[in-house]
Amino acid sequence: MNRAPQQMPGAVFFVGAGPGSPDLITVRGRDLIARAGAILYAGSLVDEAATRWAPAGCVLRDSKDMTLEQMSEWLIEQSRQHATVVRLQTGDPALYGALIELVQPLDAAGVAIEVVPGVSSAMASAAAAVESLTLPEVTQTVIFTRVEGRTPMPAGESLVELARHRSTLCIFLSITLLHKVEAALQEAGWPSDAPMLVVHKASWPGHQRVLRGTVATIKSLCREAGIVSQAMVIASPTLGARQWPDLARSKLYDPSFTHRYRRASVPTESA
Ligand code: SAH
């Protein structure tokens with residue numbers, strides 16, 4: 001069918017599919033898939049969410065063998081034929097997802113777009129291991145980063161520099177670069193026995209694996225377990241807190257703390 005672009009203005013929705021388990025997509029994302037005329041999905045991690053909820057007759061295309069130009073052309077073309085076109089991405093589209101590179105050509109073509117957030121694999125990994133990425137008086141900061149591979153790191157963002165903050169580090173795209181992670185953490189002064197966590201295929205029923213080690217041991221543990229892809233690496237002073245006997249408590253729920261919704265029920269301790 002040869003329609004002019006303005007005749008049937010479809011929109012492209014960039015939907016976060018979540019970390020892998022098909023039921024960790026948002027309700028909004030699932031609803032969009034259920035009425036999509038075409039879906040471009042990012043490889044094997046999200047195909048199940050796409051196929052499980054796509055309507056009969058929906059055009060499904062895996063983007064793993066496509067260049068960025070081919071992807072944007074495909075999305076533009078499909079948006080001329082369907083009211084709802086979905087670009088389905090792992091986790092959240094705002095993290096390591098080439099979002100803006102795809103949005104720009106759609107903007108240039110006058111195609112309306114919208115982004116639907118998703119559960120990032122960083123969050124699914126913390127959940128899998130029952131860990132909190134922030135703890136009072138331990139760290140109140142989380143850094144999402146990666147180790148330098150073929151994509152260079154901007155100035156000031158080497159893992160050594162980031163690790164000096166001693167905050168939580170969620171390290172994406174780096175499972176094959178654990179030697180660099182170990183070297184950077186040690187150079188930044190983390191002790192060799194500082195706890196580390198690797199979660200492979202977080203949230204995937206029957207496939208998820210949680211490995212606990214230390215700065216010194218995590219690389220060999222992963223090698224022995226054969227984990228070479230789809231893994232989140234977390235280094236944090238909060239790891240293992242479930243077993244700590246002397247946890248500092250959150251002020252929000254502290255009986256001596258008054259806030260907008262609750263008055264203190266015991267007097268504030270003076271220091
Ligand atoms: N936008 C995605 C990240 C894409 S980059 C998100 O928000 O999660 C791909 C990297 O994400 C992988 O190299 C791995 O580090 C991580 N990743 C994606 N899915 C994962 C999963 N189910 N379990 C663990 N790590 C995962």
Side-chain angles (χ1 to χ4, degrees), residues 13-26 28-29 39-50 52 62-64 66 68 71 86-103 114-131 133 142-153 157 159 162 168-182 184-185 196-213 218-219 221-223 225-236 239:
F13 295 84
F14 290 83
V15 175
S21 182
D23 63 353
L24 277 179
I25 195 169
T26 62
R28 185 183 298 184
I39 301 175
L40 183 65
Y41 61 92
S44 59
L45 267 176
V46 291
D47 59 347
E48 204 181 328
R52 192 181 282 197
D62 188 344
S63 62
K64 71 171 180 291
M66 295 166 92
L68 198 85
M71 285 161 65
V86 169
R87 163 64 179 158
L88 197 59
Q89 301 187 224
T90 62
D92 184 272
L95 289 168
Y96 309 105
L99 173 68
I100 303 303
E101 292 160 62
L102 274 176
V103 166
E114 207 175 289
V115 180
V116 179
V119 176
S120 173
S121 56
M123 308 333 293
S125 298
V130 193
E131 294 288 356
L133 302 182
V142 183
I143 295 175
F144 290 166
T145 189
R146 61 177 298 173
V147 167
E148 183 159 284
R150 277 180 297 177
T151 305
M153 291 302 280
E157 293 188 22
L159 193 56
L162 299 177
T168 296
L169 296 162
C170 293
I171 310 172
F172 291 71
L173 297 158
S174 302
I175 190 65
T176 58
L177 301 168
L178 283 175
H179 55 287
K180 291 193 182 180
V181 175
E182 181 185 342
L185 291 179
M196 283 190 69
L197 176 71
V198 165
V199 182
H200 174 66
K201 290 201 168 179
S203 86
W204 276 80
H207 294 276
Q208 172 178 289
R209 280 192 286 171
V210 177
L211 263 73
R212 291 178 185 277
I218 199 74
K219 181 165 59 96
L221 289 172
C222 287
R223 196 190 309 123
I227 295 175
V228 291
S229 66
Q230 292 164 345
M232 177 61 51
V233 179
I234 299 182
S236 173
L239 293 177

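Whatever order the structure lists ligands and atoms in, that order sets their numbers, starting from 1.
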Subject >> Within-cut-off N or O pair, Ala231 and ligand 1, under 3.5 Å >> reply: yes
**OP:** Quick one: closest heavy-atom pair of Leu239 and Met196, and the distance?
**Re:** CD1-CA, 3.6 Å
Original post:
Would you say ligand 1 has an N or O under 3.5 Å from any N or O of Ala122?
Top reply: no
Original post:
At a non-hydrogen distance cut-off of under 4.0 Å, which region of Ser203 contacts ligand 1 (side chain, backbone, both, or neither)?
Top reply: neither
**OP:** Run the numbers for me: atoms of ligand 1, each under 4.0 Å from some heavy atom of Gln230, listed by number.
**Re:** 23 (N), 24 (C), 25 (N)
**OP:** Could you list the atoms of ligand 1 found under 4.0 angstrom from a heavy atom of Ser120?
**Re:** 6 (C), 7 (O), 8 (O)
**OP:** Heavy-atom contacts with Phe172 under 4.0 Å: which atoms of ligand 1 show up? List them by number with element.
**Re:** 3 (C), 6 (C), 8 (O), 11 (O), 15 (O)
Original post:
Any N or O of Gly91 that comes nearer than 3.5 Å to an N or O of ligand 1?
Top reply: no
Original post:
Quick one: which ligand 1 atoms are inside 4.0 Å of a heavy atom on Ser121?
Top reply: 6 (C), 7 (O), 8 (O), 11 (O), 16 (C), 17 (N), 18 (C), 19 (N), 20 (C), 21 (C), 25 (N), 26 (C)
**OP:** Would you tell me which option among Val119, Ile234, Asp92 has the nearest heavy-atom contact to atom 7 (O) of ligand 1?
**Re:** Asp92
Original post:
Does at least one non-hydrogen atom of Ala124 fall below 4.0 angstrom from an atom of ligand 1?
Top reply: no
**OP:** Not counting sequence neighbours, which residues clear ring pair (Phe, Tyr, Trp, His ring centres under 6.0 Å) with Tyr96? List them please.
**Re:** Phe172
**OP:** Heavy-atom contacts with Val199 under 4.0 Å: which atoms of ligand 1 show up? List them by number with element.
**Re:** 24 (C)
Original post:
Any sub-3.5 Å donor-acceptor pair from Ser125's side-chain atoms to Ala202's backbone N or O?
Top reply: no
**OP:** Not counting sequence neighbours, which residues clear salt bridge (charged side-chain N to carboxylate O under 4.0 Å, His left out) with Glu131? List them please.
**Re:** Arg212
